[in-house]
Amino acid sequence: MVIGLRYMIIKKKIQINKSTAEFNKPEENHLSIQISLDGFSFCAINKVSKSVETLGHTPFAVSSNIPHKLLENVKEAFENEPVLQKKFSSVSVTHVNNLASIVPKALFDENSLPQYLKYNLKIYRNDFIAFDQLLNHDLVNVYIPFVNVNNFLFDKLGEFEYKHSGTVLLQSLLDLYRFSEKPHIFINVRENYFDLVAIANNQLQLYNSFTYENKADFIYYILFTAEQLNFNPEYFELVLTGNVIKNDTLYEIAYQYIRNVTLIESRSNLVLHESFTDDIQRQFYILLHQY
(Lines give C-alpha, C1' and ligand atoms only; values in the text may rest on other atoms or scores of the structure.)
Protein backbone atom coordinates (compact mmCIF):
# COMPACT_ATOMS: atom_id res chain seq x y z
CA MET A 1 0.00 0.00 0.00
CA VAL A 2 1.23 3.49 -0.79
CA ILE A 3 0.09 4.77 2.61
CA GLY A 4 2.70 2.51 4.13
CA LEU A 5 5.44 4.53 2.50
CA ARG A 6 4.41 7.64 4.39
CA TYR A 7 4.38 5.87 7.72
CA MET A 8 7.74 4.26 6.96
CA ILE A 9 9.22 7.74 6.72
CA ILE A 10 7.70 8.75 10.03
CA LYS A 11 8.33 5.67 12.11
CA LYS A 12 11.80 4.42 11.33
CA LYS A 13 15.04 5.58 12.88
CA ILE A 14 17.07 7.54 10.34
CA GLN A 15 20.80 8.16 10.33
CA ILE A 16 22.61 9.85 7.45
CA ASN A 17 26.37 10.40 7.75
CA LYS A 18 28.83 11.89 5.31
CA SER A 19 31.92 9.74 4.99
CA THR A 20 34.08 12.82 5.55
CA ALA A 21 32.36 13.88 8.76
CA GLU A 22 34.79 15.17 11.36
CA PHE A 23 34.07 16.59 14.79
CA ASN A 24 37.60 17.28 16.02
CA LYS A 25 37.18 21.05 15.49
CA PRO A 26 34.31 22.11 17.76
CA GLU A 27 34.63 25.75 16.69
CA GLU A 28 33.53 24.74 13.17
CA ASN A 29 30.49 22.68 14.18
CA HIS A 30 26.88 23.66 14.84
CA LEU A 31 24.17 21.39 16.22
CA SER A 32 20.49 21.83 15.34
CA ILE A 33 17.96 19.88 17.41
CA GLN A 34 14.23 19.45 16.87
CA ILE A 35 11.96 18.22 19.68
CA SER A 36 8.41 17.00 19.15
CA LEU A 37 6.05 14.77 21.10
CA ASP A 38 6.67 11.90 18.69
CA GLY A 39 10.40 12.11 18.06
CA PHE A 40 13.85 13.64 18.42
CA SER A 41 15.77 14.91 15.39
CA PHE A 42 19.13 16.60 14.94
CA CYS A 43 21.67 17.60 12.35
CA ALA A 44 25.34 18.47 12.75
CA ILE A 45 26.52 21.24 10.45
CA ASN A 46 30.01 22.32 9.44
CA LYS A 47 29.84 26.10 9.67
CA VAL A 48 32.75 26.62 7.28
CA SER A 49 31.45 24.53 4.38
CA LYS A 50 27.75 24.93 5.35
CA SER A 51 27.37 21.19 4.89
CA VAL A 52 25.22 18.81 6.91
CA GLU A 53 27.63 16.20 8.26
CA THR A 54 25.09 14.07 10.10
CA LEU A 55 21.31 13.92 10.31
CA GLY A 56 19.52 11.70 12.79
CA HIS A 57 15.95 11.01 13.77
CA THR A 58 14.69 8.78 16.58
CA PRO A 59 10.91 8.25 16.79
CA PHE A 60 9.55 7.74 20.29
CA ALA A 61 7.99 4.35 20.90
CA VAL A 62 5.15 6.06 22.76
CA SER A 63 4.49 9.77 22.24
CA SER A 64 3.25 11.70 25.26
CA ASN A 65 2.40 15.29 26.10
CA ILE A 66 3.04 14.61 29.80
CA PRO A 67 6.18 16.67 30.55
CA HIS A 68 8.15 14.06 32.50
CA LYS A 69 7.35 11.35 29.91
CA LEU A 70 8.53 13.58 27.08
CA LEU A 71 11.72 14.31 29.01
CA GLU A 72 12.35 10.60 29.51
CA ASN A 73 11.98 10.05 25.76
CA VAL A 74 14.38 12.90 24.96
CA LYS A 75 16.97 11.72 27.49
CA GLU A 76 16.96 8.23 26.04
CA ALA A 77 17.28 9.47 22.45
CA PHE A 78 20.00 11.96 23.37
CA GLU A 79 22.14 9.64 25.45
CA ASN A 80 22.01 6.85 22.86
CA GLU A 81 23.41 9.04 20.08
CA PRO A 82 27.24 9.23 20.03
CA VAL A 83 27.34 12.33 17.81
CA LEU A 84 25.54 14.34 20.48
CA GLN A 85 28.34 13.66 22.95
CA LYS A 86 30.71 15.74 20.79
CA LYS A 87 31.50 19.40 21.33
CA PHE A 88 29.74 22.11 19.29
CA SER A 89 30.45 25.83 19.21
CA SER A 90 26.78 26.71 18.77
CA VAL A 91 23.47 24.95 19.28
CA SER A 92 19.90 25.74 18.22
CA VAL A 93 16.74 23.97 19.36
CA THR A 94 13.30 23.98 17.76
CA HIS A 95 10.17 23.05 19.70
CA VAL A 96 7.48 21.39 17.59
CA ASN A 97 3.99 21.69 19.03
CA ASN A 98 0.66 23.38 18.34
CA LEU A 99 0.83 25.59 21.44
CA ALA A 100 1.39 28.83 19.56
CA SER A 101 -0.30 31.95 18.23
CA ILE A 102 0.85 34.59 15.75
CA VAL A 103 0.45 38.25 16.80
CA PRO A 104 0.98 41.35 14.62
CA LYS A 105 3.95 43.24 15.98
CA ALA A 106 1.92 46.45 16.25
CA LEU A 107 -0.44 44.73 18.72
CA PHE A 108 2.23 42.84 20.67
CA ASP A 109 2.87 43.55 24.35
CA GLU A 110 5.52 41.43 26.07
CA ASN A 111 3.68 41.86 29.37
CA SER A 112 0.48 40.27 28.03
CA LEU A 113 1.73 36.94 26.70
CA PRO A 114 -1.03 34.75 28.27
CA GLN A 115 -3.70 36.89 26.59
CA TYR A 116 -2.56 35.75 23.15
CA LEU A 117 -2.94 32.06 23.99
CA LYS A 118 -5.83 31.74 26.42
CA TYR A 119 -8.62 31.76 23.82
CA ASN A 120 -7.13 28.94 21.77
CA LEU A 121 -5.27 26.88 24.37
CA LYS A 122 -5.72 25.69 27.91
CA ILE A 123 -2.93 27.37 29.81
CA TYR A 124 -1.97 27.17 33.45
CA ARG A 125 -0.67 29.74 35.88
CA ASN A 126 2.80 28.19 35.99
CA ASP A 127 3.19 27.77 32.22
CA PHE A 128 6.29 29.49 30.85
CA ILE A 129 5.42 31.44 27.70
CA ALA A 130 8.06 32.53 25.18
CA PHE A 131 7.97 34.49 21.93
CA ASP A 132 9.96 34.81 18.70
CA GLN A 133 10.03 37.78 16.35
CA LEU A 134 9.94 37.05 12.64
CA LEU A 135 12.60 39.10 10.90
CA ASN A 136 11.31 41.61 8.33
CA HIS A 137 7.67 40.55 8.68
CA ASP A 138 6.31 42.48 11.71
CA LEU A 139 4.97 39.30 13.30
CA VAL A 140 5.55 37.70 16.69
CA ASN A 141 5.05 34.02 17.50
CA VAL A 142 3.90 33.48 21.09
CA TYR A 143 4.19 29.90 22.34
CA ILE A 144 4.77 27.45 25.18
CA PRO A 145 8.13 25.65 24.89
CA PHE A 146 9.12 22.35 26.50
CA VAL A 147 10.80 23.95 29.51
CA ASN A 148 12.03 20.76 31.17
CA VAL A 149 13.61 19.63 27.90
CA ASN A 150 15.35 23.02 27.61
CA ASN A 151 16.72 22.60 31.12
CA PHE A 152 18.04 19.12 30.29
CA LEU A 153 19.69 20.32 27.08
CA PHE A 154 21.26 23.28 28.88
CA ASP A 155 22.86 20.91 31.39
CA LYS A 156 24.21 18.79 28.53
CA LEU A 157 25.14 21.41 25.94
CA GLY A 158 25.45 24.76 27.68
CA GLU A 159 23.95 27.89 26.13
CA PHE A 160 21.75 27.58 23.06
CA GLU A 161 19.08 29.46 21.13
CA TYR A 162 15.60 28.04 20.82
CA LYS A 163 12.58 28.80 18.67
CA HIS A 164 9.17 27.43 17.90
CA SER A 165 8.81 25.35 14.74
CA GLY A 166 6.15 27.77 13.47
CA THR A 167 8.69 30.58 13.56
CA VAL A 168 11.11 28.67 11.33
CA LEU A 169 8.34 27.54 8.98
CA LEU A 170 6.76 30.98 8.62
CA GLN A 171 10.09 32.77 8.23
CA SER A 172 11.08 30.44 5.41
CA LEU A 173 7.74 30.53 3.58
CA LEU A 174 7.22 34.28 3.89
CA ASP A 175 10.74 34.97 2.67
CA LEU A 176 10.24 32.73 -0.37
CA TYR A 177 6.58 33.26 -1.31
CA ARG A 178 5.57 36.64 0.03
CA PHE A 179 5.54 38.25 -3.42
CA SER A 180 4.03 35.35 -5.33
CA GLU A 181 1.18 36.36 -7.63
CA LYS A 182 -1.03 33.39 -6.66
CA PRO A 183 -2.51 32.74 -3.23
CA HIS A 184 -0.85 29.77 -1.52
CA ILE A 185 -1.80 27.37 1.22
CA PHE A 186 1.08 25.42 2.73
CA ILE A 187 0.55 22.24 4.73
CA ASN A 188 3.28 20.90 7.00
CA VAL A 189 2.16 17.32 7.66
CA ARG A 190 2.92 15.60 10.94
CA GLU A 191 1.71 12.24 12.20
CA ASN A 192 -1.56 13.38 13.76
CA TYR A 193 -1.80 17.09 13.05
CA PHE A 194 -0.71 19.56 10.43
CA ASP A 195 0.29 23.21 10.29
CA LEU A 196 -1.52 25.37 7.77
CA VAL A 197 -0.06 28.59 6.43
CA ALA A 198 -1.94 30.82 3.98
CA ILE A 199 -0.15 33.60 2.11
CA ALA A 200 -1.73 36.05 -0.35
CA ASN A 201 -1.52 39.70 -1.29
CA ASN A 202 2.07 39.88 -0.06
CA GLN A 203 1.24 38.96 3.51
CA LEU A 204 0.34 36.18 5.90
CA GLN A 205 -3.40 35.47 5.90
CA LEU A 206 -3.54 32.61 8.41
CA TYR A 207 -1.40 30.30 10.53
CA ASN A 208 -3.10 27.49 12.39
CA SER A 209 -2.79 23.81 13.35
CA PHE A 210 -5.40 21.09 12.93
CA THR A 211 -5.52 17.56 14.32
CA TYR A 212 -6.67 14.86 11.91
CA GLU A 213 -7.36 11.13 12.06
CA ASN A 214 -7.90 10.34 8.39
CA LYS A 215 -7.83 11.81 4.90
CA ALA A 216 -11.41 13.12 5.23
CA ASP A 217 -10.40 15.28 8.21
CA PHE A 218 -7.32 16.41 6.32
CA ILE A 219 -9.09 17.69 3.22
CA TYR A 220 -12.06 19.09 5.19
CA TYR A 221 -9.89 21.53 7.14
CA ILE A 222 -8.02 22.62 4.03
CA LEU A 223 -11.18 23.25 1.99
CA PHE A 224 -12.94 24.94 4.91
CA THR A 225 -9.98 27.28 5.38
CA ALA A 226 -9.86 28.03 1.66
CA GLU A 227 -13.58 28.86 1.69
CA GLN A 228 -13.20 31.23 4.65
CA LEU A 229 -10.32 33.00 2.90
CA ASN A 230 -12.14 33.11 -0.45
CA PHE A 231 -9.38 31.05 -2.07
CA ASN A 232 -10.67 29.38 -5.23
CA PRO A 233 -9.63 25.66 -5.37
CA GLU A 234 -9.29 26.07 -9.13
CA TYR A 235 -6.74 28.85 -8.71
CA PHE A 236 -4.76 28.82 -5.44
CA GLU A 237 -1.73 26.57 -5.07
CA LEU A 238 -1.53 23.96 -2.33
CA VAL A 239 2.05 23.14 -1.32
CA LEU A 240 2.77 20.11 0.87
CA THR A 241 5.77 19.44 3.08
CA GLY A 242 6.61 17.34 6.13
CA ASN A 243 5.61 13.68 6.30
CA VAL A 244 4.09 13.40 2.85
CA ILE A 245 5.17 11.86 -0.44
CA LYS A 246 3.75 12.03 -3.94
CA ASN A 247 0.70 9.84 -4.50
CA ASP A 248 0.20 8.84 -0.86
CA THR A 249 -3.36 9.08 0.46
CA LEU A 250 -3.07 12.67 1.67
CA TYR A 251 -1.56 13.86 -1.60
CA GLU A 252 -4.22 12.05 -3.62
CA ILE A 253 -7.19 13.39 -1.64
CA ALA A 254 -5.80 16.91 -1.96
CA TYR A 255 -5.32 16.51 -5.72
CA GLN A 256 -8.87 15.22 -6.04
CA TYR A 257 -10.34 18.51 -4.79
CA ILE A 258 -7.67 21.12 -5.58
CA ARG A 259 -6.33 21.76 -9.07
CA ASN A 260 -2.80 22.89 -8.19
CA VAL A 261 -1.05 20.58 -5.71
CA THR A 262 2.73 20.39 -5.41
CA LEU A 263 5.38 19.12 -3.02
CA ILE A 264 7.66 21.82 -1.69
CA GLU A 265 11.18 22.14 -3.01
CA SER A 266 13.71 22.55 -0.24
CA ARG A 267 15.64 25.79 -0.59
CA SER A 268 17.89 25.44 2.40
CA ASN A 269 21.22 27.23 2.13
CA LEU A 270 22.95 24.11 3.46
CA VAL A 271 25.02 21.75 1.34
CA LEU A 272 23.36 18.34 1.41
CA HIS A 273 24.84 14.93 0.67
CA GLU A 274 23.30 13.01 -2.24
CA SER A 275 21.67 10.62 0.24
CA PHE A 276 19.31 13.44 1.28
CA THR A 277 16.45 12.50 -1.02
CA ASP A 278 13.61 14.92 -1.74
CA ASP A 279 11.38 12.94 0.65
CA ILE A 280 13.94 13.23 3.45
CA GLN A 281 14.37 16.97 2.82
CA ARG A 282 10.61 17.48 3.06
CA GLN A 283 10.30 15.46 6.25
CA PHE A 284 13.04 17.56 7.86
CA TYR A 285 12.15 20.84 6.16
CA ILE A 286 12.01 22.80 9.43
CA LEU A 287 15.18 21.24 10.86
CA LEU A 288 17.13 22.00 7.68
CA HIS A 289 15.89 25.62 7.63
CA GLN A 290 16.48 26.53 11.27
CA TYR A 291 20.22 27.21 10.87
Side-chain angles (χ1 to χ4, degrees), residues 2-3 5-7 9-11 36-39 63 65 94-104 116-123 139 141-144 164-174 176-178 180 182-201 203-264 279 282-283 285-286:
V2 176
I3 185 65
L5 294 175
R6 190 171 71 87
Y7 281 105
I9 294 173
I10 299 168
K11 294 293 187 182
S36 66
L37 297 180
D38 54 12
S63 63
N65 60 2
T94 299
H95 295 256
V96 181
N97 61 37
N98 56 359
L99 309 177
S101 181
I102 298 297
V103 181
Y116 303 122
L117 297 177
K118 69 179 185 179
Y119 296 108
N120 297 321
L121 304 172
K122 186 174 183 179
I123 59 175
L139 297 170
N141 188 7
V142 180
Y143 62 98
I144 299 175
H164 187 263
S165 59
T167 304
V168 180
L169 181 65
L170 285 169
Q171 187 76 57
S172 170
L173 297 178
L174 286 168
L176 291 173
Y177 291 91
R178 185 178 182 184
S180 177
K182 276 191 173 184
H184 283 74
I185 290 180
F186 302 88
I187 303 296
N188 179 46
V189 179
R190 298 198 60 81
E191 188 172 358
N192 55 6
Y193 79 90
F194 62 86
D195 303 308
L196 185 152
V197 177
I199 298 174
N201 301 321
Q203 61 184 352
L204 177 69
Q205 302 295 316
L206 180 70
Y207 168 70
N208 206 347
S209 298
F210 301 91
T211 58
Y212 71 98
E213 295 183 1
N214 51 52
K215 64 180 182 180
D217 295 340
F218 180 77
I219 193 62
Y220 169 80
Y221 288 122
I222 295 173
L223 293 177
F224 178 77
T225 300
E227 181 182 24
Q228 298 303 305
L229 294 173
N230 291 319
F231 282 13
N232 185 345
E234 294 291 314
Y235 181 69
F236 82 85
E237 185 168 350
L238 180 69
V239 183
L240 305 175
T241 189
N243 295 324
V244 62
I245 62 177
K246 191 168 185 178
N247 298 327
D248 74 3
T249 54
L250 298 185
Y251 182 97
E252 287 185 342
I253 192 68
Y255 192 74
Q256 183 177 339
Y257 288 91
I258 299 166
R259 177 177 292 274
N260 301 302
V261 180
T262 60
L263 298 174
I264 201 165
D279 291 339
R282 276 192 299 276
Q283 181 181 7
Y285 183 88
I286 290 176

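Atom set for the values below is all heavy atoms of this structure, side chains included, hydrogens, waters and symmetry mates excluded. Bear in mind that the values here come from a model prediction, so they are computed numbers and not experimental data.
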So, N247 side chain and E252 main chain: donor-acceptor pair closer than 3.5 Å or not? no

Are there over 12 heavy-atom neighbours, none belonging to F210, within less than 6.0 Å of that residue's CZ? yes

Does Y221 reach the side chain of N208, with side-chain heavy atoms less than 4.5 Å apart? no

Measure from the side-chain N and O atoms of Q205 to the backbone N and O of A200, and report whether any donor-acceptor pair falls under 3.5 Å. yes

Main-chain N/O of V168 paired to S172 side chain as donor or acceptor, under 3.5 Å: no

Rounded to the nearest 0.5 Å, the CG atom of D248 sits from the CG atom of L240 at a distance of 8.5 Å

Could you state the interatomic distance from CG (N98) to CG (D195), rounded to the nearest 0.5 Å? 8.0 Å

In terms of heavy-atom contacts, L173 and Y285 come closest through CD2-OH, 4.0 Å

I need the single residue from N188, I264, V189 that forms a side-chain contact (heavy atoms from CB on, under 4.5 Å) with R282. Which is it? I264

Classify the ring geometry of Y177 against H184: parallel below 30°, tilted from 30° to 60°, perpendicular beyond 60°. tilted

side-chain contact (heavy atoms from CB on, under 4.5 Å) with L206: of V197, I199, L196, only one passes, and it is L196

Around atom OH of Y255, are there more than 12 heavy atoms from other residues, nucleotides or ligands closer than 6.0 Å? no

Is H164 reaching over with its side chain to a backbone N or O of N97, donor-acceptor style, under 3.5 angstrom? yes

CD1 (I245) and CG (L263) are apart, to the nearest 0.5 Å, by 9.0 Å

When rounded to the nearest 0.5 angstrom, what is the spacing between CZ in F186 and CG in L176? 8.0 Å

Once rounded to the nearest 0.5 Å, what's the spacing between atom CD1 of I144 and atom CG of L99? 5.0 Å

